[in-house]
Amino acid sequence: MRGVFRFSFGPWNIHEGADPFGPRVRESVPFNRKLALYRKLEFGAVQFHDDDAVPDMNKLSPSRIVAQAKAVKASLDRHGLAAEFVAPRLWEDPRTIDGGYTSNDPRCRRYAIERSRRAIDIANALGTELIVLWLAREGTYIREAKDSRVAAERILAAVNAMLNYDPNIRIAIEPKPNEPMDHAYIPTTGHAIALGLASADPKRVGVNIESAHAILAGLDPSDEMGFALSFGKLWTVHLNDQNGLKFDQDKTFGSVDLRRAFNQARILDAHGYGRHGEWVGLDVKAMRAQKAPATKHLSNSREIFLRLLAVSRSLSERKMQALIAARDYEELDLYIVKSLMK
Ligand code: XLS
Ligand code: MG
């Protein structure tokens, strides 16, 4: 069954262009002005960090947090947009300096779990049951700072605390091998799926696979996606691209390696991605040199995905199967490359 493709991105993908070596180069775009862009760019859902929906939430009571999230839901409704997921932002608060769930300080671990409960409250108010866990600081700068077995057990305990807090939410763990940490504890799809299978409710734990994160782990994103699909655990994706092993570039999808991007579109289409409500999420950043309004990285990524999908669907499956049966992979290779060069 072919896939059904609808697209989402997070408001952080429309950004000011600051980097560790230079200040912003574009004016900030207010959240409500960003919302007005989604439909124009042909995107139907918004990804959220918890504090994208409720800024300064640490200063608010749980009931105020929910009230503010409900106001955001009303804005989404006015724009005809869905909320795809909510991700607790556990990488900026001082209590997450040494990690949240895996911090060596029990008070910080408690903060991270409490913040995750608020993120679930926000998700409920926004009308989504999907929580994304990018475990940004769950790792180490030096191995001896934490016990890796204890850390894995603490992450599992945090996942279980969220599953127990709300019987309806589903959690998509977003693996990444490093950055900002030197080593992160859940570096690949396999680690994330294993953790979910050990959880209190395995059917409610899946994955969000980011192209660049798989590449940074030395893996092929489409193979990671195929593995997750085989478990029924691919609940969203973060499509982008990455040029070699360096900082997470969040480049426009397909802008570095078209074949690698083609295979991501192909595997998703081959297994009916989207037929159970999954969104094609982007996690892309405009080049710092791009002048405002910097949104072409979003529309380009969407267009490149759809063009690669069209290439995949234009291929002669009969011809491909014949070449595979003959084990003539050289001819198959040329067929694919020529199709991508048309
Ligand atoms: C990292 C994550 C991050 C989002 C979701 O790639 O996807 O960009 O904030 O937590
Ligand atoms: Mg991401």
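Owing to the predicted nature of the structure, the values given are computational and were not obtained by experimental measurement. When a ligand or atom number is given, it counts from 1 through the structure's own listing order.
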* Mind listing the protein N/O/S atoms less than 2.8 Å away from the Mg ion (ligand 2)? Waters don't count. => Glu174 OE2, Glu210 OE1, His238 ND1, Asp283 OD2

* Going by atom types only, do Arg302 and Ser299 share a side-chain donor-acceptor pair under 3.5 Å? -> no

* Structure fact -> The protein residues that pass the under-4.0 Å heavy-atom test against ligand 1 are Trp12, His49, Ala87, Trp91, Trp134, Glu174, Glu210, His213, His238, Asp283

* **Listed once per pair and sorted, the salt bridge (charged side-chain N to carboxylate O under 4.0 Å, His left out) pairs that draw on residues 164-185, sequence neighbours left out** => Glu129-Arg170, Arg143-Asp182, Lys176-Glu179, Lys176-Asp248

* For residues Ser222 and Asp220, is any side-chain donor paired with an opposing acceptor at under 3.5 Å? -> yes

* **Electrostatic pair Asp269-Arg313, nearest N-O below 4.0 angstrom** => yes

* **Residues His213 and Glu224: side-chain donor-acceptor under 3.5 angstrom** => no

* To do: Before accepting this row, confirm whether a basic side-chain N of the pair Glu114/Arg110 lies closer than 4.0 Å to the acidic partner's carboxylate O.
  => no

* To do: Look at Asp77 together with Lys73 and state whether they make a salt bridge at an N to O cut-off of under 4.0 Å.
  => yes

* Residue of the set Phe85, Trp12, Trp91 for which ring-ring contact (aromatic ring centres under 6.0 Å, His included) holds with Trp134 -> Trp91

* Which residues share a ring pair (Phe, Tyr, Trp, His ring centres under 6.0 Å) with Tyr165, sequence neighbours left out -> none

